Amino acid sequence: QVQLVESGGGLVQAGGSLRLSCAASGRTFSSYAMGWFRQAPGKEREFVAAISRTGVYTYYADSVKGRFTISTDNAKNTVYLQMNSLKPEDTAVYYCARSTAMATTDRFYDYWGQGTQVTVSS
């Protein structure tokens with residue numbers, strides 16, 4: 001059974017930064033692509049960023065491009081989301097997820113974390 005555990009969320013002022021972490025159990029972490037999604041109150045879950053299993057390729061939603069950076073540390077079975085220049089509209093619960101290939105659609109992801117709250121005040 002794969003478990004994904006997010007951490008690093010919190011309250012930050014607009015313009016600030018946060019780094020989210022997602023620790024994965026299991027020995028096959030490097031065999032999978034990883035992604036971050038978010039869901040704001042009253043809205044559907046949306047794609048944020050994805051990284052290939054090798055860590056070479058990344059892809060971002062237009063709304064976060066240039067501000068967020070996804071990365072992995074395979075030795076620690078952890079994927080990160082560095083979030084800079086945060087805006088109030090970034091407020092959401094952020095989820096990490098595992099996929100067999102990079103994808104922007106959540107139906108391609110098979111395991112999900114429990115989520116971590118990010119709140120950006122204006």
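On a predicted model such as this, the values are computed, not experimentally measured, just so you know.
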- What about Y57 and Y109, same hydrophobic cluster or not, with Ile/Leu/Val/Met/Phe/Trp/Tyr joined at side-chain heavy-atom distances under 4.5 Å? yes
Return the set of residues passing side chain to side chain donor-acceptor pair (under 3.5 Å) with [X] (not counting sequence neighbours), or none when no residue passes.
X    : answer
T119 : Q117
Q39  : none
T54  : S52

- Note on the structure: Sorted by chain and number, sequence neighbours left out, salt bridge (charged side-chain N to carboxylate O under 4.0 Å, His left out) with K43 holds for none
- Query: What residues, two or more places apart in sequence or in another chain, satisfy salt bridge (charged side-chain N to carboxylate O under 4.0 Å, His left out) together with R19?
  - Reply: none
To the nearest 0.5 angstrom, please state how far the [atom1] atom of [X] sits from the [atom2] atom of [Y].
X   : Y   : atom1 : atom2 : value
I51 : T72 : CD1   : OG1   : 4.0 Å
T58 : F68 : OG1   : CZ    : 14.0 Å
E46 : S63 : CD    : OG    : 5.5 Å

- Task: Using the disulfide (SG to SG under 2.5 Å) rule, collect all pairs that involve residues 62-95, keeping only residues at least two apart or in two chains.
- Result: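 Sorted pair list comes back empty.
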- Message: For residues 13-122, which residue pairs pass the disulfide (SG to SG under 2.5 Å) check, not counting sequence neighbours?
- Response: C22-C96
- May I ask you to test the F37-W112 pair for a side-chain heavy-atom distance under 4.5 Å? yes
- side-chain hydrogen bond (donor to acceptor under 3.5 Å, both in side chains): pairs with one or both residues in residues 90-104, sequence neighbours excluded: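 Listed once each, the pairs are R38-D90, R38-Y94, R67-D90, R98-D110.
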Who passes side-chain contact (heavy atoms from CB on, under 4.5 Å) against [X], sequence neighbours left out?
X    : result
A33  : M102
T105 : R107, F108
S7   : S21

- Task: Decide yes or no on side-chain contact (heavy atoms from CB on, under 4.5 Å) for L4 and M34, but give the supporting numbers first.
- Result: CA-CA 11 Å; L4 303 176; M34 298 294 294; 4.1 Å; yes
- Message: Is it the case that atom CD in Q114 sees more than 12 heavy atoms from other parts of the structure closer than 6.0 Å?
- Response: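 Yes.
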- Query: So F47 and D106, side-chain contact (heavy atoms from CB on, under 4.5 Å) or not? Walk me through it.
  - Reply: CA-CA 7 Å; F47 169 79; D106 58 8; over 6 Å; no
Give the table of side-chain donor-acceptor pairs shorter than 3.5 Å for residues 74-83, with sequence neighbours excluded, one pair per line with atom names and distance.
unit_1: N77; atom_1: ND2; unit_2: G26; atom_2: O; d: 2.6
unit_1: T78; atom_1: OG1; unit_2: K76; atom_2: O; d: 2.8
unit_1: Q82; atom_1: NE2; unit_2: N84; atom_2: OD1; d: 2.9

- Expected output: side-chain Y111 to main-chain A24 donor-acceptor under 3.5 Å: no
